[in-house]
Every structure is written in C-alpha cells, then in structure tokens.
Protein chains: 2
Amino acid sequence: MVRLNKLTDYAVVILAEMAQAGGVTTASALAARTGIPGPTVAKLLKILAQRGLTLALRGRAGGYGLSRAPTAINVAEIIEAIEGPVAVAACVEGALENCEFEPVCAMNGHWNRVNEVIRRALTGVTLADMVDAETPAFGFPRPPAKGRERGLGETPAI
Amino acid sequence: MVRLNKLTDYAVVILAEMAQAGGVTTASALAARTGIPGPTVAKLLKILAQRGLTLALRGRAGGYGLSRAPTAINVAEIIEAIEGPVAVAACVEGALENCEFEPVCAMNGHWNRVNEVIRRALTGVTLADMVDAETPAFGFPRPPAKGRERGLGETPAI
DNA sequence: CACAAATAGCACTATATTCGTACTGTTTTA
DNA sequence: TAAAACAGTACGAATATAGTGCTATTTGTG
C-alpha cells in the first residue's frame, strides 16, 4: 500500500512528541507518552541520533532532544534515516539495490519521475506541520505554547 | 523505503508490456517477455481482470488485453488493484485498518495530507507515461509507432 | 463431437522481512 | 562510587509476501 513500515511511523510519532515537549526527554518518558514499547523507542532514538536528527545527552540527567527546530526537519529526512533512500522500486536512482530485469524492462527509468514527485512531496512536509497544534495530542494536555518556552536543557518534568 | 511490493511492481511491468504489444496476449507470452515467473503473471492477470483493468478472453485463442487506452490507466489504479488503497499509515482515511494509538497520537490526521499528495502524484502518471517509447524495451523490437496506431477500442480484437 | 488451449478460482507452503527483546558496555553526574 | 542514561550488537519470533499446484470452466479447431 505504498506503506511506511511501522518503525518509520513510530519514529515520526516520537519526533513529533519531542517537538511538542521541547527540551530534553528520556527514552522511557517518550515510550510512556506515545504507547510505543520502550526498547523500540530506545532503538529508534539511537538511530535518529546517529543520523543527526536528535542530540543525545548521556549521564544521569541525560536524554534526547531535537537537533534542529521542528520547522527545519522534514518527513523525507526521517524516513530516510530509518529506511534508507526513498525508492518505490529497485531500479530508481539512489536505490540501494539493482533490478535484475533492468536491461529488459519496458519502463527503463520511468519510475524515477514517480519517485521524484513522491520524494518532493515528503520533503515539503516538516515535523512542525505534523504537530501543528490545531488538534493537540489527546490525553497529554499541556500549557499554551507561550508557557513552555524554555530553552533546551531545562529537562522534562518526568 | 516507501516501497511498492514486488507484485505491484510486476503488475505495472506486465501492463506496460501489454500496452506496448497491444491487442490480446497470453499470460505465458507475457511471462516470457518480461522474465517474470509464469504462475505469478497468471495470478496477477486474474486480479487485474477482476478489477477491470484488463479484459480476459477465454478459450482457445484467448488471452488478456487492456480494458482501456494506456493514457486512461493511471499508476494509482494499478497499485490499488493489487495492494488496496494507497495509505502510508494505518490512520489515514480510506485505509483498511485502524490505528490503535489514534486517540493518543500526536499527529491526529496529519498523515492524511501527506497521503493525499502522494496519491495525487500517482494518479497523475499514466501507463502511457511509463512506456513512452523514447527508450523502447530492449530485446523486443517492434514496428514503428505509426504502425500500431489504432484507436482504443479497436484494441483487444475480441 | 471430442480435444486442446487458455483463463478462473482456490488453497497451500516456503521464504524473507520486520518487529521487538535481551544483554553487555560506556559515559556522566549526584 | 553508584546510579541513571545512552551505545551497540545479536537474536528469536511473528508476520507478510511470493510463488506453486491443482481442478474447474470456457471456447475455438479439427
């Protein structure tokens, strides 16, 4: 179904939650808030940190924070961090595999255009778009945006 | 990787081959030309016929033909014929499943926009676009375009 | 009229991918 | 110095997918 895999979906949810929370949040707190299994959250956060989407703080008061503003992180980046390049088929440019039928195939390169359109669409949507608070997350009410304007590092009130 | 599954990819290739061939073609001929395993081709053609994308002719001189002109068949249709509705996540409208986290999720409905953009992109690409003969299929030379310029409807010489 | 060629439909199996978990090591701060 | 949190690796199980096989039905041809 041109479907994202579950882990990618989770990653977006986690980042969205971080965007809403602001500051630094521990993996276990994110797991509790999103309902995603703890170990899975931890695994994803590690990957996201490696890819530079999040910053990890080790030590006793550690946790993870977004490395950039939510408006500066787009969905395509997130997908690519978890799944690798966006590639609807094996034969598109940038895909990690090669299509064995490539020389015989009737559609030499025509998937590329389709792929590009999709990639562009995904690049155009930012994390901020995904959480814009019109419909705030249910069950975790939080003060109006003004109130939570604390800088990074102020920690989450777990 | 926002990946189509293999069967869907095959379906597009098969339809593209049919578009190039025109008229009626047997499942086994299509298998031979595309390199896709025979039984798999047969299976896909049955599904496509059920969904109305191809017409099936039974009996001795039977086979399959496109039900419409290649310009009137778009990629989204093909994907939906094989995989069901285009849905990047379980929570988008039209998806066949329900997301268990839906009420708690931070991104209530925001996948919908992303999904719509992708769907529109796929709807805009026709089968004809996928085969436009700039780079004809290798290994299966066929007469110049002029020669095969018969109108639609004339097609499957049923 | 009988046979052969082709699709229709169903059910089954094996494979591959993906998901989730567990464990051990490293860093940092109270 | 101990506890809390991240880092990395490796593994097992569940799920989805791909592919196969068989039988029935339709239809043209000799």
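Quantities reported herein were computed from a predicted structural model and do not represent experimental measurements. Lettering of chains follows the sequences in order, A, B, ..., and the numbering in each one begins at 1.
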Expected rows: protein N/O vs nucleotides 12-16 of chain C N/O, under 3.5 Å:
none

Give the rounded distance in Å between these two atoms: CG of L48(B) and C1' of dT7(C). 14 Å

d(D129(A) CG, I73(A) CD1) to nearest 0.5 Å is 12.0 Å

Hey, are E17(A) and T34(A) close enough side-chain-wise for a donor-acceptor pair under 3.5 Å? no

Under 4.0 angstrom between Y10(A) side-chain N/O and dC19(C) OP1 or OP2: no

Nearest whole Å is fine: how far is dT26(D) P from L55(B) CG? 18 Å

Using a 3.5 Å distance criterion without hydrogens, assess whether the side chain of T8(B) forms a donor-acceptor pair with backbone atoms of I82(B). no

Quick check for you: to the nearest 0.5 Å, what is the distance between L66(B) atom CG and T54(B) atom OG1? 7.5 Å

Please name the residue in the list L4(A), L15(A), D9(A), L122(A) that meets the side-chain contact (heavy atoms from CB on, under 4.5 Å) test with I78(A). L15(A)

Quiz question: going by heavy-atom distance under 3.5 Å, is there a donor-acceptor pair between the base of dT25(D) and the side chain of R58(B)? yes

Whole angstrom is fine here: how far is it from CZ in R60(A) over to C1' in dT1(D)? 12 Å

Spacing of CG belonging to L127(A) relative to CD belonging to Q20(A), to within rounding of 0.5 Å: 9.0 Å

Just how far, in rounded Å, is C1' of dT7(C) from CG of L30(B)? 13 Å

Between C1' of dT18(C) and CG of D9(A), the distance in whole Å: 14 Å

Where the side chain of P39(B) is defined as all heavy atoms beyond and including C-beta, which of dA8(C), dA6(C), dT20(D) is the nearest nucleotide? dT20(D)

OP1 or OP2 of dA16(D) less than 4.0 angstrom from a side-chain nitrogen or oxygen of N5(B), does that happen here? no

Of G59(B) and I36(A), whose nearest nucleotide on DNA chain C comes first from the 5' end? G59(B)

Could you tell me whether A27(A) contacts a base, only the sugar-phosphate backbone, or nothing, with contacts defined as non-hydrogen atoms closer than 4.0 Å? sugar-phosphate

CZ on R68(B) to OG1 on T126(B), rounded to 0.5 Å: 11.5 Å

Under 4.0 Å between any heavy atoms, over every strand shown, what does L7(B) touch: base, sugar-phosphate, or nothing? Just pick one. sugar-phosphate

Would you mind reading off the distance between K46(A) atom NZ and dT27(C) atom C1', rounded to a whole angstrom? 14 Å

Find the distance I14(A):CD1 to dC6(D):C1' and express it as a whole number of Å. 15 Å

Whether Y64(B) contacts dA8(C) is assessed here as follows: a side-chain N or O lying under 4.0 Å from the phosphate OP1 or OP2. Is that the case? yes

For atom CD1 of I82(A) and atom P of dG20(C), their distance in whole Å: 13 Å

